[in-house]
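Per chain, numbering begins at 1; letters A, B, ... match sequence-line order.
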Amino acid sequence: MAARGLVQSMATLLLKSVRCSCLLRLSEPTLLNTVACRFLSWTPRSIKRLSKENIGLVNNLVNLGVDVQSARKRQPGVLKKMITHEDGLIGFLQAKGASKDFVAGIISRYPRSITRTVEHLEKKWEIWHGILKSDSEILKVLERSPEAFFRSSNNANLEKNVTFLSSLGLTPSDLARLLAKAPRTFSNRMELNQQMVDYLHDVHVSLGGENAEEFVKLILTQNIFVLIQSVKRVKANIEFLQTSLRLSDKELLNLLQGIGADILDLCHEYIKRNFRHIQLKLLPLGCTDDQINSFILRYPAMLYLSPKNFTNKIDCLLKTGVEVEQILERPRVLDVSISTMASRIARLHQIGYNFQSFGVGLLDLSKTRFEVKFEKLQ
DNA sequence: TATACCGGGCTCTGCCATCCCG
DNA sequence: CGGGATGGCAGAGCCCGGTATA
């Protein structure tokens, strides 16, 4: 990588001297080609590609501390552009409190950011600021997800999204949460967001609900990632929940506007796989289909657990002497991390706690409640 | 007073595919 | 044909405490 940068620098130096002295009549690409062939045995193809890059731009980026290699890998076309605005971008973001390294990182991760004009950035920032209120919060999002901020050049669409989401009854703080945690929502085309809203609306109506607006708002606030999923995925998940758990329309509706919303954004294959895995794990332990279904229904977030994690937790409990029935009765015990579960079990063992007689209720208490309880038991 | 029940708070990107336009 | 804009995908949990209830 350093070698390539070196070649580029050397080529630039040579070009400068060529321009000054006019001793050579080589074209820039040819000269670069020559330099590259001399110092590194590159293929003609890579030289051809490189020769199309804007050397001045590439050098500028190198000087700015941008990881050009990764930028090239991500969006090679940007490096070939004749007009870019990296200096404007730097000035703009630094004025907002970003460091030089921060901006270099942004460009390395999302090169197209340098194609945005300062006017565009100002407008977009203004709209974001209308939702997030402080520059530092916006910078935090940018750092996490440069793409979400820079991918679209369509500020009008961004404004349409704000209007649209507000019209659904989402409050300013709902919007702030959405923008902070699921910024892609706002770079989606408004029509795409509308499609999801329409779909959720239809689901509610077809399940016999009577307040679709409220339902949509509930889902979108309960699970802020729904709008960055495809309708296909959400639909598949909703249908899967109904058929696999054998729910009536009303039961499904209740599930969706409650704890079920949490898992709507899961990769569909993942839900299916985990569901099968839960059955595979519990059936041999003597559980019936109905028991398993109601177990999942009472704590659908278990579908979120990887098969390995699920198995580990169940095995950990069984090894401790807990009966399967005790687990079925208290699905929320799977809520605790495996490490918390194991360390609590160990501590309780030390003081002679009998899980079979007293149950697993202690395992999923909050930390403070657990400590209080533990003190008393001691 | 202890436990059960329940809802809420945190929390999502970076890559690839496809379409469309100049 | 290349590149910008956009859509879609895989991947993966834990903790807390208010309030009802026994």
Identify whether any heavy atom of [X] sits under 4.0 Å from a base atom; if not, whether one sits that close to sugar-phosphate; answer base, sugar-phosphate or nothing.
X	result
A:L192	sugar-phosphate
A:K376	sugar-phosphate
A:R116	sugar-phosphate
A:E269	nothing
A:R233	base
A:T115	nothing

Closest non-hydrogen atom pair, [X] against [Y]:
X	Y	result
A:K313	A:M341	O-SD, 3.8 Å
A:R246	A:D290	NH2-OD1, 3.1 Å
A:I90	A:V103	CG1-CG1, 3.6 Å
A:L64	A:K100	O-CE, 3.9 Å
A:A301	A:I263	CA-CG2, 4.1 Å
A:I106	A:L142	CD1-O, 3.4 Å

Problem - Nucleotide-resolved protein contact map, nucleotides 13-22 of chain B, B/S/- at heavy-atom distance under 4.0 Å - result: BBB-------

Roughly, in whole Å, what's the span from [atom1] in [X] to [atom2] in [N]?
X	N	atom1	atom2	result
A:D262	B:dG7	CG	C1'	10 Å
A:F186	B:dC12	CZ	P	17 Å
A:R298	B:dG7	CZ	C1'	16 Å
A:L255	B:dG7	CG	C1'	14 Å
A:L178	B:dC10	CG	P	13 Å
A:Q257	B:dG8	CD	P	12 Å
A:D335	B:dG8	CG	C1'	12 Å

Write down the distance separating the [atom1] atoms in [N] and [M], rounded off to the nearest Å.
N	M	atom1	result
B:dC12	C:dC16	C1'	22 Å
B:dT11	C:dG11	C1'	14 Å
C:dA12	B:dC10	C1'	15 Å

Problem - Over 12 non-hydrogen atoms of neighbours within 6.0 angstrom of CD in A:Q378 - result: yes

Exercise for the section: Check whether more than 12 heavy atoms from other residues, nucleotides or ligands sit under 6.0 Å from atom CD1 of A:I83, and answer yes or no. Expected result: no

Fill in the blank from the handout: Closest to the side chain of A:D265, out of B:dA4, B:dC12, B:dT3, is B:dC12

Just name whichever nucleotide pairs with [N], Watson-Crick or G-U, keeping both distances under 3.5 Å, else none.
N	result
B:dC6	C:dG17
B:dT11	none
C:dG11	none

Fill in the blank from the handout: The first and last nucleotides of DNA chain C lying within contact of chain A, meaning any atom under 4.0 Å from one of its heavy atoms, run from C:dG3 to C:dT19

Practice task
Determine, for A:K281 against A:D315, whether the closest basic-nitrogen to carboxylate-oxygen distance falls under 4.0 angstrom.
Solution key: yes

Practice task
Would you mind listing every ring-ring contact (aromatic ring centres under 6.0 Å, His included) that reaches into residues 224-250 of chain A, with sequence neighbours excluded?
Solution key: A:F240-A:H268, A:F240-A:F275

